[in-house]
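Below: the structure, in structure tokens.
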Amino acid sequence: MDDLADVIAAQPRLAVVATPPDTHRPVAERLLAAGIAVLCEKPLASSIEDVQALADAADRGTTPLAMATKFRFARGVAAARSAIEAGRLGAIREVEVVFKAAVDMRGRWNSDRAVAGGGW
């Protein structure tokens with residue numbers, strides 16, 4: 001099944017989009033339009049406009065769209081979420097999450113802004 005049309009024709013209930021980020025929007029939009037739930041690898045899209053378009057596509061129907069992220073289960077992230085949900089932190093105005101590692105990303109596909117997107 002190399003073609004997305006073949007995937008759609010097979011009528012799965014869920015598809016995982018793990019293609020390069022610059023293709024997430026067109027792939028996920030087609031799947032959502034076909035009524036197929038989408039679990040999309042991060043980042044959800046390469047631009048805020050593409051993220052909004054995907055959110056709009058999901059909102060037009062009842063088909064779920066979710067972004068995969070393993071860090072939601074990290075101990076510190078889970079503790080912060082619990083504190084927020086319990087109201088222990090007051091009004092949240094801004095959140096910044098930073099995970100650091102000594103990994104040289106130069107030359108990898110995800111260091112190419114045209115493919116991977118990037119911060120704004």
Side-chain angles (χ1 to χ4, degrees):
M1 281 203 240
D2 293 332
D3 186 15
L4 184 57
D6 292 337
V7 173
I8 292 170
Q11 299 180 321
R13 292 181 17 204
L14 168 72
V16 176
V17 176
T19 58
D22 62 335
T23 66
H24 287 181
R25 178 181 175 181
V27 171
E29 280 181 324
R30 285 183 60 193
L31 292 164
L32 290 167
I36 300 167
V38 173
L39 176 63
C40 190
E41 185 53 70
K42 64 176 176 40
L44 187 57
S46 298
S47 70
I48 193 67
E49 294 81 15
D50 286 351
V51 169
Q52 187 62 58
L54 286 174
D56 293 344
D59 286 346
R60 282 193 288 277
T62 58
T63 307
L65 166 67
M67 184 184 76
T69 174
K70 64 185 178 194
F71 290 116
R72 76 178 63 179
F73 302 108
R75 188 174 305 138
V77 173
R81 179 179 179 160
S82 177
I84 291 167
E85 288 175 345
R88 293 193 304 265
L89 301 180
I92 305 298
R93 296 176 187 249
E94 181 178 342
V95 174
E96 180 178 348
V97 178
V98 178
F99 293 93
K100 295 186 177 190
V103 177
D104 185 0
M105 301 299 279
R106 293 174 296 192
R108 294 176 56 167
W109 70 267
N110 51 353
S111 67
D112 181 346
R113 182 169 246 160
V115 174
W120 47 93

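Sequence positions, counted from 1, serve as the residue numbers for this chain. Bear in mind the structure is a predicted one, so any value in this text is a computation, not a measurement.
Considering NE2 of His24 and CE of Met67, their distance stands at 10.5 Å, rounded to 0.5 Å. For the atom pair Leu32 CG and Thr62 OG1, the distance stands at 10.5 Å (nearest 0.5 Å). Between the CG atom of Asp56 and the CD atom of Glu49 there is a distance of 12.0 Å, given to the nearest 0.5 Å.
Under a hydrophobic clustering in which Ile, Leu, Val, Met, Phe, Trp and Tyr are joined whenever their side-chain heavy atoms come within less than 4.5 Å, directly or via other members, Val77 and Ile84 fall into the same cluster. Under a hydrophobic clustering in which Ile, Leu, Val, Met, Phe, Trp and Tyr are joined whenever their side-chain heavy atoms come within less than 4.5 Å, directly or via other members, Phe73 and Leu39 fall into different clusters.
The nearest pair of heavy atoms linking Ala57 to Glu29 is CB-CG, 4.4 Å. The shortest non-hydrogen separation linking Leu89 to Ala80 is CD1-O, 4.5 Å. The heavy-atom pair separating Ile36 from Pro12 by the smallest distance is CG1-O, 3.5 Å. Between Leu65 and Ala55, the closest heavy-atom pair is CD2-N, 4.3 Å. Minimum interatomic distance between Ala34 and Ile8 (heavy atoms only, all atoms of both residues): CB-CG2, 3.6 Å. Gly35 and Thr63 make their closest contact through CA-OG1, 3.6 Å (heavy atoms, listed as atom of the first residue, atom of the second, distance).
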*What's the verdict on side-chain contact (heavy atoms from CB on, under 4.5 Å) for Val38 and Val27, showing C-alpha distance, side-chain angles and the deciding distance?*
CA-CA 10 Å; Val38 173; Val27 171; over 6 Å; no
*Verdict with reasoning, Arg25 to Ser46, per side-chain contact (heavy atoms from CB on, under 4.5 Å)*: CA-CA 8 Å; Arg25 178 181 175 181; Ser46 298; over 6 Å; no
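Within 6.0 Å of CZ on Arg13 lie no more than 12 heavy atoms contributed by other residues, nucleotides or ligands. Taking a 6.0 Å sphere around CD of Gln11, one finds it holds 12 or fewer heavy atoms contributed by other residues, nucleotides or ligands.
Annotation: side chain of Leu4 is in contact with side chain of Leu31 (closest heavy-atom distance under 4.5 Å).
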